[in-house]
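First the structure, in the form of structure tokens, and then the observations on it.
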There are 2 protein chains.
Amino acid sequence: MPHSPDPSLDLAATDLRLATFRLARRLRHERALDSMSDAQFAVLVILRQHGTQTLGALAERERVTAPSMNRTVNVLEETGYLVRTPDEQDRRRVLIEITESGAEIVAETIRLRDHALAEALAELHLSEEELEILRQASALMRRVAER
Amino acid sequence: MPHSPDPSLDLAATDLRLATFRLARRLRHERALDSMSDAQFAVLVILRQHGTQTLGALAERERVTAPSMNRTVNVLEETGYLVRTPDEQDRRRVLIEITESGAEIVAETIRLRDHALAEALAELHLSEEELEILRQASALMRRVAER
DNA sequence: TATTGTTATACTCTATAACTATA
DNA sequence: TATAGTTATAGAGTATAACAATA
């Protein structure tokens, strides 16, 4: 097992890994509709953020196979959270678009999660300095994740 | 939808939520054995960290039903990562204990994840001040998650 | 022929309901 | 009677293989 040259960096990594998993697990519990699975919700988030997608693009983004994504999309189509329309330019393709009610479910879940986290932060009575640490850390974490 | 009195706290919460989910998703990809599911791995982590548990205790910690946990435990027992032994004090109960090979799998996964994160941090060439921000933020995040 | 989406089939994780053994 | 664990059965997400339609 290789080690980085800076042992304090190893310690920071371990701390951050543990804290990230625990907080993510805690926040994931907050969802507008408990009846919707993580897989379904993730698809709606992609459609809301990145707009209309083909089935293949969705499968690639979520790193699942096309048949798997097809089943997930089927459920979301039946519940009315997205619609399929044929691509007229390339008729092998199907364009998948989020509906108004789908976008509302995503927005509501985000509101719930933000609210739960804001409540938790408020309860800890963090100082302005501590809040600033969290903001700066958030930016660093995103750089790590998106590297 | 209620709002906290401090709008800068709301913003910190949103930033932190996004960053946490993205980093967790990224780190979860690193696993010693891809053949083991998240559910199975989570059970081994509990057993390693908190010692021998009953089936009911495992189900409660993972917030799944007893039959669900029973199936997960069955698989881990078949693969030799844990053992069941009857509780002699209360013979309705079964004590579930991690084996040496189970503990080794957990340790290996933790090593992989720490290494991946340490590599990512090293690549960003963070300053000592930035690493300190991540360490302090990690402590705050754990307080939030465990509140 | 290659690509895109879909269907067929099977395996895993989840749940609820029913059952067994023990307290 | 109540509790701990298990089994029976079913629903949803995953996969691979095979198929249909289109480029």
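Lettering of chains follows the sequences in order, A, B, ..., and the numbering in each one begins at 1. We use all heavy atoms of the structure for the numbers below, so side chains are in, but hydrogens, waters and symmetry mates are not.
When rounded to the nearest whole Å, the span between CZ of A/R93 and C1' of C/dT6 equals 16 Å. Atom CG of A/N74 and atom P of D/dG11 are 17 Å apart (whole Å). For the pair A/E60 CD and C/dT4 C1', the computed distance is 13 Å after rounding to whole Å. Counting to the nearest Å, the C1' atom of D/dT6 and the CD atom of B/E77 are 12 Å from each other. Atom CG in A/L58 sits roughly 13 Å away from atom C1' in C/dT4 (whole-Å rounding). Note: CG (B/D38) to P (D/dG13) measures 16 Å, nearest angstrom. Between the P atom of C/dT6 and the CG atom of A/D87 lies a distance of 13 Å, rounded to the nearest Å. One can place CD of A/E78 at 13 Å from C1' of D/dG11, the figure rounded to the nearest angstrom.
Distance from the side chain of B/R92 is smallest to C/dA23 among C/dA23, D/dG5, C/dA2. Nearest nucleotide to the side chain of A/L55, out of D/dA21, D/dG13, C/dG5: C/dG5. When the nucleotides C/dT22, D/dG13, C/dT6 are ranked by their closest atom to the side chain of B/R91, C/dT22 comes out on top.
Legend: residues meeting side chain to side chain donor-acceptor pair (under 3.5 Å) with B/T99, ordered by chain and number and at least two apart, are B/S101.
When each of A/E88 and B/A57 is assigned the nucleotide of DNA chain D bearing its nearest heavy atom, the one mapping closer to the 5' terminus is B/A57. For the pair A/V75 and B/D90, both in contact range of DNA chain D, the more 5′-proximal nearest nucleotide belongs to B/D90.
Contacts of A/E62 with the nucleic acid, taken as non-hydrogen atoms under 4.0 Å apart, are absent. Nucleic acid contact class of A/N70 (heavy atoms, under 4.0 Å, all strands): base.
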Atom pairs, N/O to N/O, protein against nucleotides 14-16 of chain C, distance under 3.5 Å?
{"from": "C/dT14", "atom 1": "OP2", "to": "B/T72", "atom 2": "OG1", "distance (Å)": "3.4"}
{"from": "C/dT14", "atom 1": "O4", "to": "B/R71", "atom 2": "NH1", "distance (Å)": "3.3"}
{"from": "C/dA15", "atom 1": "OP2", "to": "B/T65", "atom 2": "N", "distance (Å)": "3.0"}
{"from": "C/dA15", "atom 1": "OP2", "to": "B/T65", "atom 2": "OG1", "distance (Å)": "3.1"}
{"from": "C/dA15", "atom 1": "OP2", "to": "B/S68", "atom 2": "OG", "distance (Å)": "2.5"}
{"from": "C/dA15", "atom 1": "N7", "to": "B/S68", "atom 2": "OG", "distance (Å)": "3.4"}

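Between A/L33 and A/Y81 the shortest heavy-atom distance is CD1-OH, 3.1 Å. Closest of all the heavy-atom pairs between B/A118 and A/L9 is O-CD2, 3.2 Å. Nearest heavy-atom pair, B/T79 versus B/L76, reported as atom, atom and distance to 0.1 Å: OG1-O, 3.1 Å.
Remark: B/Q40 is in phosphate contact with C/dC13, judged by side-chain N or O atoms under 4.0 Å from OP1 or OP2.
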Please tabulate, for side-chain N and O atoms in residues 18-28 of chain B, each donor-acceptor pair with protein atoms closer than 3.5 Å (sequence neighbours left out).
{"from": "B/T20", "atom 1": "OG1", "to": "B/L16", "atom 2": "O", "distance (Å)": "2.6"}
{"from": "B/R22", "atom 1": "NH1", "to": "A/E146", "atom 2": "OE2", "distance (Å)": "2.6"}
{"from": "B/R25", "atom 1": "NH2", "to": "A/E62", "atom 2": "OE1", "distance (Å)": "3.3"}
{"from": "B/R25", "atom 1": "NH2", "to": "A/E62", "atom 2": "OE2", "distance (Å)": "3.2"}
{"from": "B/R26", "atom 1": "NH1", "to": "A/A145", "atom 2": "O", "distance (Å)": "3.0"}

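Salt bridge B/E128/B/R135: present, at least one basic N to carboxylate O contact under 4.0 Å. Under a 4.0 Å N-O distance rule, the pair A/R111/A/E104 qualifies as a salt bridge.
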